[in-house]
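Structure record follows, encoded as structure tokens.
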Amino acid sequence: MRFTRLFSVFALVLPSLLAVSAHSQSSESNKTPLKAYSGAVGVIEAFHNSTIVALPDRHQDSNSSRFRIDLISQPEFAAAVNDIIIEWGNRLYQETLDRYIGGGDVPDSELNKVWRNTTVLTGMWDSPVYPQFLLAVRMANSKLPRDHRMRVLAGDPPIDWEKINDRIAYARFGWHRDESVLSVIEKEVLARHHKALLIMGGGHLLRGVQNDGPGVVDLYEAAHLSDRIFVVGITPIMNLELSSYPPESFFFTRGTWLEKLSSAHDRIIYDGLLTLSDGDRVRPTPSTYSDPVYIAELDRRWRLVRGEAFDPKKLP
């Protein structure tokens, strides 16, 4: 399924990157110095010539969470970007999300449906980092004029779990997550002549990866030939090459020696690189799975889709 893409993709791409890294370290003196931006400034700069900038989510990672909260809190970001598309939101609850991000009063029991009722069954979105990001956007918007506020767009398919009673019904939604994100981009961003930050697991953002179907970047670029998505790469492996630069630096890769390092199978994978170290894994709080109603529904979903009882110990 699509939510397994991240793990299988890294097995394909990282050996290539590591091989290039080992070779290029031996010729360090031949490299032309790069123009480095601070991380947030570089991502914002990428929007000058791009409609969509894709920022990978290292799932439940504290440093990834901190970086994107800092990014959207910059006044320059809100001035350049209209929308933020998130992987951890069910499109069925877009109106709820709009009310919350706009400063409205939304009970937790209603808001948490946004990330609890997606097609992903791994418990990934129960980590506190995901509602924390939504709160950060809400707070940033409270300081902006109403006509300059950012909108958060849910990208996951609009699955209604109350109507899902078998695996086939689930598959109609769960196996089309990248297509759902593309639809959101086309209907809510391009049709309105907006610009958007896309936050999604890195495996969905790699070009030319066909092991379980094209990801959202390939889908978008096939449909919109003249408008590329700008893909940011975030990986500590790049720090081997960029250790002389300040932490959390951002680099444009095209036309530099980073272009080869950021490519695989004759395709540029990353248009920009961000050096960001791994943070701590922020797992769901113990109280998350103490709600008997939520546990019963998770158990129903697991039995329906995975053929086994829900077991929090099996969550990644």
Side-chain angles (χ1 to χ4, degrees), residues 3 6 39-40 43-44 47 52-78 80-91 93-104 106-120 122-144 148-156 177 180-181 184-185 188-189 194-202 204-205 216 232 234 248 274 276-285 288 316:
F3 53 78
L6 179 61
V43 174
I44 295 168
F47 277 102
I52 310 293
V53 173
L55 182 69
D57 171 36
R58 292 190 305 205
H59 297 324
Q60 300 186 347
D61 180 79
S62 61
N63 275 355
S64 291
S65 174
R66 175 187 53 78
F67 177 81
R68 59 180 173 247
I69 288 175
D70 176 67
L71 172 65
I72 62 94
S73 300
Q74 303 294 321
E76 295 82 3
F77 181 85
V81 181
N82 311 99
D83 306 312
I84 304 166
I85 305 168
I86 57 171
E87 182 183 7
W88 63 92
N90 182 336
R91 294 170 58 185
Y93 304 100
Q94 184 61 53
E95 189 273 335
T96 298
L97 191 53
D98 286 338
R99 278 194 291 121
Y100 178 74
I101 296 300
V106 181
D108 289 344
S109 59
E110 187 177 346
L111 180 63
N112 63 29
K113 293 177 182 178
V114 171
W115 60 87
R116 283 187 172 184
N117 289 350
T118 68
T119 59
V120 176
T122 62
M124 193 72 67
W125 315 136
D126 282 327
S127 169
V129 302
Y130 299 106
Q132 285 170 3
F133 178 78
L134 299 181
L135 176 60
V137 180
R138 174 183 166 103
M139 296 299 294
N141 273 345
S142 70
K143 303 173 185 177
L144 296 171
H148 285 82
R149 290 179 180 176
M150 298 170 283
R151 189 182 184 203
V152 175
L153 299 169
D156 207 57
R177 299 178 64 234
S180 177
V181 172
V184 171
I185 291 174
E188 302 294 339
V189 180
H194 283 186
K195 293 197 174 188
L197 177 72
L198 170 61
I199 306 174
M200 201 171 187
H204 297 271
L205 305 177
V216 66
V232 178
I234 304 178
E248 296 191 21
L274 172 67
L276 183 69
S277 60
D278 288 325
D280 297 324
R281 180 81 174 271
V282 184
R283 298 182 182 276
T285 59
T288 301

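All residue numbers refer to positions in the sequence shown, counting from 1.
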- prompt: Just by modelled atom types, is the Lys195 backbone N or O under 3.5 Å from a matching donor or acceptor in the Asn82 side chain?
  reply: yes
query: Quick check: does any side chain N or O of Gln60 sit under 3.5 Å from a backbone N or O of Val129, one acting as donor and the other as acceptor?
result: no
task: Nearest 0.5 Å please: distance from the CG atom of Leu205 over to the CD atom of Glu87.
output: 8.5 Å
Nearest heavy atoms of Gln74 and Ile44, plus distance in Å: CB-CD1, 4.2 Å
task: Could you give me the CA-CA distance, side-chain angles and deciding distance for Leu153 and Gln94, then say whether side-chain contact (heavy atoms from CB on, under 4.5 Å) is met?
output: CA-CA 7 Å; Leu153 299 169; Gln94 184 61 53; 4.0 Å; yes
message: Below 30° counts as parallel, above 60° as perpendicular, anything between as tilted: where do the rings of Phe77 and Phe47 land?
response: perpendicular
Nearest-0.5 Å distance that lies between atom CD1 in Ile199 and atom CD1 in Ile84: 6.0 Å
- prompt: Quick check: does any side chain N or O of Arg138 sit under 3.5 Å from a backbone N or O of Tyr100, one acting as donor and the other as acceptor?
  reply: yes
- request: Give the minimum heavy-atom separation between Asn90 and Asn117, together with the two atoms involved.
  value: ND2-O, 2.6 Å
- prompt: So, Arg58 and Asp278, do they make that salt bridge, N to O below 4.0 Å?
  reply: yes
message: Please give me the minimum heavy-atom distance between Ser127 and Pro284, naming the atom from each residue.
response: N-CG, 4.0 Å
message: As a quick check of understanding, evaluate side-chain contact (heavy atoms from CB on, under 4.5 Å) for Leu198 and Val53, giving each step before the final call.
response: CA-CA 6 Å; Leu198 170 61; Val53 173; over 6 Å; no
query: Ion pair present between Glu110 and Arg99, side-chain N to carboxylate O less than 4.0 angstrom?
result: yes
message: Whether the Ser62 and Ser65 side chains hold a donor-acceptor pair (N or O, under 3.5 Å, no angle test) is what I'd like checked.
response: no
- request: May I ask you to decide if Gly279's main-chain N or O and Asp61's side chain share a donor-acceptor pair within less than 3.5 Å?
  value: yes
field: Shortest non-hydrogen separation from Ser180 to Gly155 and the atoms involved
entry: OG-O, 2.7 Å
query: Considering only heavy atoms from C-beta outward, does the side chain of Pro131 approach that of Asn112 to under 4.5 Å?
result: no
task: Output yes when a side-chain donor or acceptor of Asp70 lies under 3.5 Å from a complementary backbone atom of Arg66, and no otherwise.
output: no
- prompt: Is the side chain of Asp280 donor-acceptor paired with the backbone N or O of Val282 at a distance under 3.5 Å, no angle test?
  reply: no
query: With the threshold set at 4.0 Å, does a side-chain nitrogen-carboxylate oxygen contact exist between Arg177 and Asp156?
result: yes
- line: Between Glu188 and His194 the two heavy atoms that sit nearest each other are O-ND1, 4.0 Å
message: Determine whether Asp98 and Arg151 satisfy the following criterion, salt bridge (Lys or Arg N to Asp or Glu O under 4.0 Å), listing intermediate values before the conclusion.
response: CA-CA 7 Å; Asp98 286 338; Arg151 189 182 184 203; 3.0 Å; yes
query: Side chains of Asn63 and Ser277: do they bring a donor and an acceptor to under 3.5 Å?
result: yes
- request: Would you check if Asp83 and Val152 make a side-chain contact, meaning some heavy-atom pair closer than 4.5 Å?
  value: no
Minimum heavy-atom distance between Ala40 and Leu71, given as atom pair plus value: O-CD1, 3.7 Å
query: Should the ring pair Tyr130 and Trp125 be called parallel, tilted or perpendicular, given that the plane angle runs from 0 to 90° and is split at 30 and 60?
result: perpendicular
- prompt: Hey, what do you get for OG (Ser109) to CZ (Arg116), rounding to the nearest 0.5 Å?
  reply: 9.5 Å
query: Does the side chain of Val120 reach to within under 4.5 Å of the side chain of Trp88, using non-hydrogen atoms?
result: no
message: Let me confirm one number: the CG-CE distance from Leu134 to Met139, rounded to the nearest 0.5 Å.
response: 13.5 Å
query: Say you draw a straight line from CG of Leu97 to CD1 of Ile86; how long is it, rounded to the nearest 0.5 Å?
result: 5.5 Å
message: So that I can tick it off, tell me whether Asp126 and Arg283 are bridged by a salt bridge, with the cut-off set at under 4.0 angstrom between side-chain N and carboxylate O.
response: no
message: Would the distance check show the side chain of Arg68 and the main-chain N or O of Asp57 forming a donor-acceptor pair, the cut-off being under 3.5 Å?
response: no
task: Output the distance between atom CG (Leu55) and atom CD1 (Ile72), rounded to the nearest 0.5 Å.
output: 12.0 Å
